[in-house]
Colleague: 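Here it is, the structure in full.
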Amino acid sequence: MPELPEVETVVRGLRISLPGREIVDVRFGKTDFVDDPAAIAERLPGMRIADVTRMGKFICIVLEPMSARSDLPSSRLYFVVHLGMTGRLTVVPAADSVVPHTHGFFALDDGRELRYTDVRRFGRMLLVQESGLPEFAGRLGKEPLEISAEEFCRSFAQRRARLKSLLLDQRILRGVGNIYADESLFRARLHPARIAENVSKKQLLALHRTVREVLEEAIRSRGSSISDYVDSEGNRGTFQQRHRVYQRDGKACLRCKSKIKRIIVAGRSSHYCPRCQPAPRTRHAARKRLKPRMHSDSHR
DNA sequence: AGCTCTTCCTGAAAGC
DNA sequence: TGCTTTCAGGAAGAGC
């Protein structure tokens with residue numbers, strides 16, 4: 001599933017082959033994942049792709065009119081794509097056969113076509129005006145590769161939520177998903193259900209470091225391909241071979257040989273090593289610890 | 001504030 | 001064997 005490293009890999013590929021090209025035609029199959037498909041089909045043709053950037057898990061295709069004049073107020077347009085779970089953005093010769101579940105076709109002026117394929121259609125597609133970009137970006141948190149250690153600690157300290165749920169919250173960090181949350185927590189030796197305010201500054205600093213480390217390594221491996229993910233040229237990533245806990249439940253921890261476990265935290269399956277990432281003490285356990293001889297004390 | 005549950009969607013895998 | 005059920009999950013919204 002595309003998270004920051006996968007989206008970054010797609011963006012780097014698109015940035016090589018798209019800028020300078022003009023979009024000449026737009027066609028859609030199903031449009032239930034598209035905000036205002038008519039506006040996209042109306043406005044994109046005749047625009048030139050100026051750049052392709054990433055905002056968290058969003059791909060941002062920057063468009064400008066073919067006759068852009070630097071002395072006029074900019075009328076740039078941002079074509080924003082989220083790949084959801086199974087989205088793919090690829091550039092292929094327009095004559096290539098169409099793989100199933102391809103719902104967006106963006107013909108270029110060089111005979112190629114940008115295509116959007118998405119089996120489950122959890123992705124999203126929308127247009128953002130230049131004036132609306134700050135608001136759009138403002139709803140997202142900091143880039144995990146840019147946030148300072150101090151800022152990172154500040155956004156986690158004093159929060160009563162679980163580490164896993166904060167890592168997945170796009171309003172705090174933009175781009176971390178289930179795979180990289182689990183992998184970062186393992187490397188920092190922190191249990192996913194730990195309450196953030198109970199985690200020491202030293203441990204938060206470790207988590208800040210491992211989040212960056214994992215994301216950077218994954219980008220170097222061109223992302224993780226679990227089922228559907230491929231880059232803009234259709235190639236799979238290789239970071240799935242380096243996962244230490246994600247989807248390794250039942251297997252031996254690479255550090256201590258304990259069996260990796262899978263539990264649900266924040267509604268997401270979470271993989272961790274019970275020995276390297278000790279569970280937080282529950283209230284119940286804490287009380288038992290204090291009064292080990294108490295008989296059937298009322299629960300809750 | 002933060003949790004759980006639900007919705008969206010399809011294919012793979014498990015269950016019978 | 002073949003059908004039915006369950007599950008996975010990013011994000012958003014409801015309700016507690």
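A quick note: this is a predicted structure, and the numbers were derived from the prediction, not measured. Only this structure's heavy atoms are used, side chains among them; waters, hydrogens and symmetry mates stay out.
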Colleague: Check the phosphate of B/dT10 against A/Thr86, side-chain N and O only, distance under 4.0 Å to OP1 or OP2. Yes or no?
Modeller: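 Answer no for this pair, as no side-chain N or O of A/Thr86 is under 4.0 Å from OP1 or OP2.
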Colleague: Confirm from the modelled atom types if A/Arg159 and B/dA1 form a donor-acceptor pair under 3.5 Å, side chain to base only.
Modeller: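 Between B/dA1 and A/Arg159, which were checked side chain against base, a qualifying N/O pair under 3.5 Å is absent.
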Colleague: When the distance from CZ of A/Arg262 to C1' of C/dC7 is rounded to whole Å, what number comes out?
Modeller: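 Whole-Å distance recorded here is 9 Å.
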Colleague: Tell me whether the OP1 or OP2 atom of C/dG9 has a side-chain N or O from A/Tyr229 closer than 4.0 Å.
Modeller: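 Checking C/dG9 against A/Tyr229, no side-chain N or O comes under 4.0 Å of OP1 or OP2.
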Colleague: Can you check the A/Leu173 CG to C/dA11 P distance for me, whole Å?
Modeller: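 Roughly 12 Å, once rounded to whole Å.
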Colleague: Among the nucleotides B/dC3, C/dA8, C/dG10, which one has an atom lying closest to any side-chain atom of A/Lys57?
Modeller: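 So the nucleotide nearest the side chain must be C/dG10.
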Colleague: Between A/Pro192 and A/Leu163, is any pair of side-chain heavy atoms under 4.5 Å apart?
Modeller: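 The answer is no; the side chains never approach within 4.5 Å.
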Colleague: Quick one: which of B/dT4, C/dA11, C/dG9 gets closest to the side chain of A/His82?
Modeller: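 The closest nucleotide is C/dA11.
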Colleague: Examine B/dC9: is either OP1 or OP2 under 4.0 Å from a nitrogen or oxygen in the side chain of A/His101? Give yes or no.
Modeller: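 Answer is no, no contact under 4.0 Å.
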Colleague: Can you tell me if the side-chain N/O atoms of A/Gln170 get under 4.0 Å from OP1 or OP2 in C/dG10?
Modeller: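 False: A/Gln170 side-chain N/O out of range (4.0 Å or more) of C/dG10 OP1/OP2.
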Colleague: Ring-plane angle category for A/Phe156 and A/Phe152, please: parallel below 30°, perpendicular beyond 60°, tilted otherwise.
Modeller: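 Geometry flag for A/Phe152 against A/Phe156: parallel rings.
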Colleague: Base, sugar-phosphate, or nothing for A/Asp118, non-hydrogen atoms under 4.0 angstrom?
Modeller: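 The residue A/Asp118 makes no contact with any strand.
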Colleague: Nearest to the side chain of A/Asn178, heavy atoms from C-beta on, is which of B/dG2, B/dT10, C/dG9?
Modeller: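 The answer is C/dG9.
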Colleague: C/dG9, OP1 or OP2 - any side-chain N/O from A/Ser269 closer than 4.0 Å?
Modeller: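 The answer is yes; a side-chain N or O of A/Ser269 sits under 4.0 Å from OP1 or OP2.
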Colleague: Tell me the interatomic distance from A/Arg268, atom CZ, to B/dC3, atom P, rounded to whole angstroms.
Modeller: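 Those two atoms, CZ and P, are 13 Å apart.
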Colleague: Counting side-chain heavy atoms from CB outward, which of B/dT10, B/dC3, C/dG10 is closest to A/Ala161?
Modeller: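 Minimum distance to the A/Ala161 side chain belongs to B/dC3.
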Colleague: Decide yes or no on side-chain contact (heavy atoms from CB on, under 4.5 Å) for A/Gln129 and A/Arg76, but give the supporting numbers first.
Modeller: CA-CA 7 Å; A/Gln129 314 269 3; A/Arg76 284 189 157 191; over 6 Å; no
Colleague: What is the distance from CG of A/Asp35 to P of C/dA12, rounded to the nearest Å?
Modeller: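 Nearest whole value for this atom pair: 11 Å.
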Colleague: In whole Å, what is the span from the CG atom of A/Leu126 to the C1' atom of C/dA11?
Modeller: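 Distance, rounded to whole Å: 13 Å.
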Colleague: Going by atom types only, do A/Thr86 and A/Asp118 share a side-chain donor-acceptor pair under 3.5 Å?
Modeller: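 Short answer, yes.
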Colleague: To the nearest Å, give me how far apart CZ (A/Arg124) and C1' (B/dC8) are.
Modeller: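 Taking CZ of A/Arg124 and C1' of B/dC8, I get 13 Å after rounding.
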Colleague: On the nucleotide B/dG2, are OP1 or OP2 found under 4.0 Å from the side-chain N or O atoms that A/Arg162 carries?
Modeller: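 Result: no.
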Colleague: In whole angstroms, how far is the P atom of C/dA11 from the CG atom of A/Leu168?
Modeller: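 The distance from CG of A/Leu168 to P of C/dA11 comes to 8 Å, rounded to the nearest Å.
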Colleague: Check whether the side chains of A/Ser224 and A/Tyr180 place a donor and an acceptor atom closer than 3.5 Å, and report yes or no.
Modeller: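 Present: a donor and an acceptor within the cut-off.
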Colleague: Dump the intermediate steps for side-chain contact (heavy atoms from CB on, under 4.5 Å) on A/Lys142 and A/Arg174, then the final yes or no.
Modeller: CA-CA 6 Å; A/Lys142 293 281 193 293; A/Arg174 52 168 80 163; 5.9 Å; no
Colleague: Measure the distance between the ring centre of A/Phe122 and the centre of the six-membered base ring of C/dA11, then answer whether it is under 5.5 Å with planes under 30°.
Modeller: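 No, A/Phe122 does not stack on the base of C/dA11, since the centre distance and plane angle fail the 5.5 Å and 30° test.
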Colleague: Check the distance between C/dA8's C1' and A/Tyr246's OH and give it to me in whole angstrom.
Modeller: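 Going from A/Tyr246 (OH) to C/dA8 (C1'), I get 8 Å.
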Colleague: Categorize A/Arg171 for me: base, sugar-phosphate, or nothing, with a 4.0 angstrom heavy-atom threshold over every strand shown.
Modeller: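 Answer is nothing: A/Arg171 stays at 4.0 Å or more from every strand.
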Colleague: Return no unless some side-chain N or O of A/Arg121 is found under 4.0 Å from OP1 or OP2 of C/dG9.
Modeller: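 Checking A/Arg121 against C/dG9: no side-chain N or O falls below 4.0 Å of OP1 or OP2.
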Colleague: Quick check on B/dT10: is either OP1 or OP2 less than 4.0 Å from any side-chain nitrogen or oxygen of A/Lys30?
Modeller: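 For B/dT10, OP1 or OP2 has a side-chain N or O of A/Lys30 closer than 4.0 Å.
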